[in-house]
Amino acid sequence: MKTTIKASLTALMMSSVAIGAVATIGTFSGADAAYAKSEKSGEKSGKSRGKSAESRGSKGKSEQNSTSRGSSGGGVEAFFMKLTGQEKKAAKSRAPVKAAKAPQVAKPKAADGAFHPSELGNMNGALNANINAVLAHIRNGDTNGPVGSMAALAVAELNAVGADETIALADKFTALDTLLIENGYIDEEGNADLAAYQDALLATPGNGDIPEIKAAIDAEDAVALAGLLEINGFEDLAAYELYRDGEAGDPPIDVIDGLASELDGLDAPDEDAVAKANEDIQARRDAELAMLELWNKNADTSEEITEDEQALLKELYDRLEGNEDAIAAAIQSAGADDEMAEDLDDDIVDCGDPESCEDDEELMALAE
């Protein structure tokens, strides 16, 4: 009878322990599941994020308790966990959750001021067109669209080569003439006379006294002096003194000296050359304004070129750099048939739709 009671008590105790272990395992699993669920819903609201944090705190405590119990290395509870496979499940549930990838954001403008394709809009078509497409537009006189406008810009830029220098040289000659006239160095017709200025800088050496005139001056004989001055060709005593003593040179004028030195050996551009240079410069500006007006990402409507507009023009000119000979040849053969015209679609990035270039993955990759 005693043996039976003892066995019954032993079985009862083991059952109680087993039930406690299962209940404990259920509690841990529920906490882990609540943690995983709170991780997924953590972005919904500030309130739910607070609850998730509290849940993650509870999970930490549960893990510490589970670890301390699992590390005891003995006991009926550990035996039942190992026997039922709950020990592996608990370890697996404690594995760290991988962080979600951060969302990608659009790149800002590069530090060197280069444009991102999304900022260029239809100008992507001009900047990414094959140079042969631009040349074909020149030969065919086609100035339509971004590539056609690029062709017009290429022609205007090449025609204006040297125009700025011509105007600058003409302006320097004009400035020199103005200074000469203002300071009284002019010829008989009232025009600027650089030679007169240069002569005036030189001192005129004196010729010394004429003995007869000197004697009349010393004797203070006015009648004799007047006769002697007339005989020797002097209008008055001052003219004789200038002959006798010479003339000091004029003080130099630094600005005139600087311009005269810079322009020495050069010829002033004639009126026709200046007029042609002004026309070429105006044509280049017109081509630039036409390109900027075509730019669908440009909010500026004035004729003043803004910093962003200047940056775009620089990129366009950089794109043409090194192709001057090919552009000149295309200009010379303008109007001639060109078989490349049939293949333009293969060389031009289609930006007819303002949004098309912005979403083009290939163009986006160019900015990376």
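No experiment lies behind these values; they were computed from the predicted model shown.
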Does Ile186 sit in a hydrophobic cluster with other residues, and if so which ones, taking ILVMFWY side chains as linked at heavy-atom separations under 4.5 Å, directly or through other members? Ile181
If every non-hydrogen atom of Ala287 is compared with every non-hydrogen atom of Ala152, which pair is closest and at what distance? CB-O, 4.1 Å
Any pair with a residue in residues 267-279 that passes side chain to side chain donor-acceptor pair (under 3.5 Å), sequence neighbours left out, goes on the list, sorted by first then second residue, please. Lys276-Asp280
Could you pull out the closest heavy-atom pair between Ala126 and Pro146, with the gap in Å? CB-O, 3.8 Å
Counting only heavy atoms not in Glu241 (residues, nucleotides, ligands), do more than 12 fall under 6.0 Å from its CD? yes
Please determine whether residues Ile210 and Ile231 belong to a single hydrophobic cluster, defined as Ile, Leu, Val, Met, Phe, Trp and Tyr linked transitively by side-chain heavy-atom distances below 4.5 Å. no
Under the side-chain contact (heavy atoms from CB on, under 4.5 Å) rule, collect the residues that match up with Glu230, sequence neighbours excluded. none
Side-chain heavy atoms under 4.5 Å apart, restricted to Ile/Leu/Val/Met/Phe/Trp/Tyr: what other residues fall into the cluster of Val274, or is it alone? Ile167, Ile281
Reported NE2-to-CG distance for the pair His137 and Asn144, which is rounded to 0.5 angstrom: 7.0 Å
Rounded distance [0.5 Å steps], CG in Asp245 versus OG1 in Thr204: 12.0 Å
Please write out which residues are connected to Leu194 in a hydrophobic cluster, directly or through intermediates, given that two of Ile, Leu, Val, Met, Phe, Trp, Tyr count as joined at side-chain heavy-atom separations below 4.5 angstrom. Leu169, Phe173, Leu176, Leu179, Leu180, Tyr185, Tyr197, Leu201, Ile253, Val255, Ile256, Leu259, Leu263, Leu266
Search all heavy atoms of Asn132 against all heavy atoms of Arg139 and return the closest pair with its distance. O-NH2, 4.3 Å
Counterpart residues, side-chain contact (heavy atoms from CB on, under 4.5 Å), relative to Asp318 (two or more places apart): Lys314, Glu321
To the nearest 0.5 angstrom, please state how far the CD atom of Gln310 sits from the CD atom of Glu315. 11.5 Å
Mind jotting down which residue pairs meet the salt bridge (charged side-chain N to carboxylate O under 4.0 Å, His left out) criterion with at least one end in residues 159-169? Sequence neighbours excluded, please. Asp164-Arg284
Listed once per pair and sorted, the salt bridge (charged side-chain N to carboxylate O under 4.0 Å, His left out) pairs that draw on residues 195-213, sequence neighbours left out: Asp209-Arg244
If you round to the nearest 0.5 Å, how far is CG of Leu225 from CD1 of Ile213? 7.0 Å
Would you kindly say whether Asp142 and Asn140 are connected by a side-chain donor-acceptor distance under 3.5 Å? no
Given side chains that start at C-beta, do those of Leu229 and Asp236 come closer than 4.5 Å, heavy atoms only? no
Contacts satisfying salt bridge (charged side-chain N to carboxylate O under 4.0 Å, His left out) that involve residues 179-192 (not counting sequence neighbours) are none
Got a donor-acceptor contact below 3.5 angstrom from the Asn323 side chain to the Ala326 backbone? no
Hey, mind stepping through Met150 and Arg319 against side-chain contact (heavy atoms from CB on, under 4.5 Å) and telling me if it holds? CA-CA 10 Å; Met150 185 75 160; Arg319 181 72 180 84; 3.7 Å; yes
Measure the CG-CG distance between Leu237 and Leu242 for me, rounded to the nearest 0.5 Å. 11.5 Å
In chain order, what residues pass the side-chain contact (heavy atoms from CB on, under 4.5 Å) check against Thr174, with sequence neighbours excluded? Thr178
Listing request: all ring-ring contact (aromatic ring centres under 6.0 Å, His included) pairs with a residue in residues 268-314, at least two apart in sequence or in separate chains. Phe115-Trp295
Evaluate side-chain contact (heavy atoms from CB on, under 4.5 Å) for Asn191 paired with Asp177, printing each intermediate quantity in order. CA-CA 8 Å; Asn191 298 317; Asp177 288 349; over 6 Å; no
Do Leu312 and Met123 come within less than 4.5 Å of each other through their side chains, counting heavy atoms only? yes
What's the shortest heavy-atom distance between Val147 and Ala129, and which atoms? CG2-CB, 3.8 Å
Say you draw a straight line from CG of Leu202 to CD of Gln198; how long is it, rounded to the nearest 0.5 Å? 8.5 Å
Any side-chain heavy atom of Glu119 within less than 4.5 Å of one from Lys297? no
Run the ring pair (Phe, Tyr, Trp, His ring centres under 6.0 Å) test against Phe234 and tell me which residues pass, sequence neighbours left out. Tyr240, Tyr243
